[in-house]
Colleague: 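Here you go, one structure.
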Amino acid sequence: MYNSKIIGLGKYVPEHVVTNDDLSKMMDTNDAWIQERTGIKERRWIKEGTDDTSAVMGAKASKIAIERSGLSNDDIDFIVFATMTPDYYFPGCGVQIQELLGLKNIGAIDIRNQCSGFIYAISVADQFIKTGMYKNILVVGAEYHSNGLDKTTRGRGVTVIFGDGAGACVLSREEDTSKGILSTHLHSEGKYADKLIVESPSIKHWVPQILEAKEEDLSYFPYMDGTFVFKHAVVRFSEVIMEGLMKNGLNKDDIDMLIPHQANLRIAQFIQKKFALSDDQVFNNIQKYGNTTAASVIIALTEAWEEGKIKSGDNVVLAAFGSGFTWGSAIVKW
Ligand code: UT7
């Protein structure tokens, strides 16, 4: 058995910055409400007329991650792509970036686990590496939310939260099993699927329902019972972080860096307090990017690394919670 180790990280966010004040021109909201409830100051939204999509942004982040890994495209053995906003109903974004990056005819799968998508994705990739089946895997998280949001006052409870962006990493075989990804922990609870959901389009709401959809049909916009999700998030985040630490004989004092999914700064602060972590031990960038679901953990991990906040030997904890419900963690010895 092998471990897998992150050897290259990259991110890409669209240039177009949308501030809270910009949103207040589209809907009845304001900077004070958004910052107080979520910590978000601005987010990036793809500007109409650019070529960016989840697959295209994923490819841009991947290019950087592969370059930084020191590998060449031909060394990549497999692609795992996490998104809840794929370019097409099918095929998935994984196969698109095989083409966009000009990779060999390697396998590619898409992961559909929303905010927990990146944790699920590295867990899947990790298993392929552990068994020896593949040596180098490109793992991507990318989201293009902005085109699917209700940008009126009706949608303000959800729309102000989400942003577009992508992150990627190259996972590679590590012979020393005391290093790299030590363990991953995945969970789901489908009974709460309807608490955070985009119902349409789906095979249940297909043509002719799409063609006949009226403006008041909200099933095409994300729905979230925010308070309900919040309450579950704080419990599940804590549980799954503890589960990961215990599995590795670690305790909360051993955490060098916690990278929580950037759902809401208040959730991250709650976890920080619960685990008695200092500001240096938790990385947040939701202030700049909002919630980019499957891209959020990998964008944050990339930025933390770029800023020199993660060093060799650190215990890095990644954790996420979101629609499904799904949640998960990964314990990484950097
Ligand atoms: O990433 C996946 C997981 N997602 C999460 O973990 C998100 C979890 N939930 C949350 O982060 C929070 O629930 C929200 C930030 C989404 C909402 O915060 P909240 O404190 O739960 O607010 P609320 O939905 O209870 O709304 C409070 C009030 C309402 O007005 P009334 O009924 O009290 O008069 C809303 O209509 O705030 C109003 N409101 C807004 N006001 C200004 C809702 N959205 C907005 C807005 N601007 N954007």
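Every number for a ligand or one of its atoms is a count from 1 in the order of the listing.
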Colleague: Looking only at distance, does W33 have an N or O less than 3.5 Å from an N or O of ligand 1?
Modeller: yes

Colleague: Among protein heavy atoms, which sits nearest to atom 35 (C) of ligand 1, and what does the distance come to when rounded to 0.1 Å?
Modeller: R156 NH2, 4.0 Å

Colleague: List every atom of ligand 1 that sits less than 4.0 Å from any heavy atom of T38, numbering the atoms from 1 in the order shown and giving each element.
Modeller: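 Atoms satisfying the 4.0 Å criterion: 15 (C).
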
Colleague: Could you list which atoms of ligand 1 come closer than 4.0 Å to a heavy atom of N264?
Modeller: 10 (C), 11 (O), 15 (C)

Colleague: Do the charged groups of E303 and K288 touch, with an N to O distance under 4.0 Å?
Modeller: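 Yes, this pair counts.
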
Colleague: Which ligand 1 atoms are under 4.0 Å away from a heavy-atom of A263?
Modeller: 1 (O), 5 (C), 6 (O)

Colleague: Could you list which atoms of ligand 1 come closer than 4.0 Å to a heavy atom of I161?
Modeller: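 Once the distances to I161 are compared, the set is 16 (C).
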
Colleague: Run the contact test for V158 against ligand 1 with a 4.0 Å cut-off on heavy atoms, strictly below, and give the result.
Modeller: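 Under 4.0 Å: no for V158.
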
Colleague: Yes or no, since that's all I need: does a protein heavy atom fall within a distance strictly under 4.0 Å of atom 38 (C) of ligand 1?
Modeller: yes

Colleague: Ignoring hydrogens, what is the shortest heavy-atom contact between I111 and V124? Give both atom names and the distance.
Modeller: CD1-CG2, 3.8 Å

Colleague: Would K252 and F275 count as a cation-pi pair here, with the cationic atom under 6.0 angstrom from the ring centre and within 45° of the axis?
Modeller: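 Negative - K252 is either too far from the ring of F275 or too far off its axis.
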
Colleague: Side chain or backbone, does N291 bring an N or O within less than 3.5 Å of an N or O on ligand 1?
Modeller: yes

Colleague: So, are K25 and D21 salt-bridged, with charged N and O less than 4.0 Å apart?
Modeller: no

Colleague: Between K311 and D314, is there a salt bridge with N-O shorter than 4.0 Å?
Modeller: yes

Colleague: Would you verify whether the NZ or CZ of K151 falls within 45 degrees of the ring axis of W45 while also being under 6.0 Å from that six-membered ring's centre?
Modeller: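 Here K151 passes the 6.0 Å and 45° test against W45.
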
Colleague: Can you check whether N30 has an N/O within less than 3.5 Å of an N/O in ligand 1?
Modeller: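 So ligand 1 has no N or O lying under 3.5 Å from an N or O of N30.
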
Colleague: Can you list the atoms of ligand 1 that are under 4.0 Å from a heavy atom of R37?
Modeller: 19 (P), 20 (O), 22 (O), 27 (C)

Colleague: Looking at F230, which atoms of ligand 1 are within less than 4.0 Å of one of its heavy atoms?
Modeller: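 With F230 as reference, the close atoms of ligand 1 come out as 8 (C), 9 (N), 10 (C), 11 (O).
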
Colleague: Quick test: of every protein heavy atom, which one is nearest to atom 24 (O) of ligand 1, and how far off is it to 0.1 Å?
Modeller: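 For atom 24 (O) of ligand 1, the nearest protein heavy atom comes out as T227 OG1, 4.5 Å.
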
Colleague: Is it true that atom CZ of F90 has more than 12 heavy atoms of other residues, nucleotides or ligands lying nearer than 6.0 Å?
Modeller: no

Colleague: Can you sort out which atoms of ligand 1 are near G157, meaning under 4.0 Å from one of its heavy atoms?
Modeller: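 Atoms satisfying the 4.0 Å criterion: 16 (C), 44 (N).
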
Colleague: For I267, which part has a heavy atom under 4.0 Å from ligand 1: side chain, backbone, both, or neither?
Modeller: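 For I267, only side-chain atoms sit under 4.0 Å from ligand 1.
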
Colleague: What protein heavy atom is closest to atom 2 (C) of ligand 1, reported as residue, atom name and distance in Å?
Modeller: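 Checked against all protein heavy atoms, atom 2 (C) of ligand 1 sits closest to C115 SG, 3.0 Å.
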
Colleague: Can you find a non-hydrogen atom of M224 under 4.0 Å from ligand 1?
Modeller: yes

Colleague: For ligand 1, which atoms sit closer than 4.0 Å to a heavy atom of V160?
Modeller: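 Answer for ligand 1: 48 (N).
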
Colleague: May I ask you to decide whether K309 forms a salt bridge with D280, counting only side-chain N to carboxylate O separations under 4.0 Å?
Modeller: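 D280 and K309: not salt-bridged.
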
Colleague: Is the NZ or CZ atom of R173 positioned over Y2's six-membered ring, under 6.0 angstrom from the centre and within 45° of the axis?
Modeller: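 Judged by the rule, R173 and Y2 form a cation-pi pair.
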
Colleague: Can you confirm whether some protein heavy atom lies under 4.0 Å from atom 30 (O) of ligand 1, or whether none does?
Modeller: no

Colleague: Tell me whether E307 at atom CD has more than 12 heavy atoms from other residues, nucleotides or ligands lying less than 6.0 Å away.
Modeller: yes

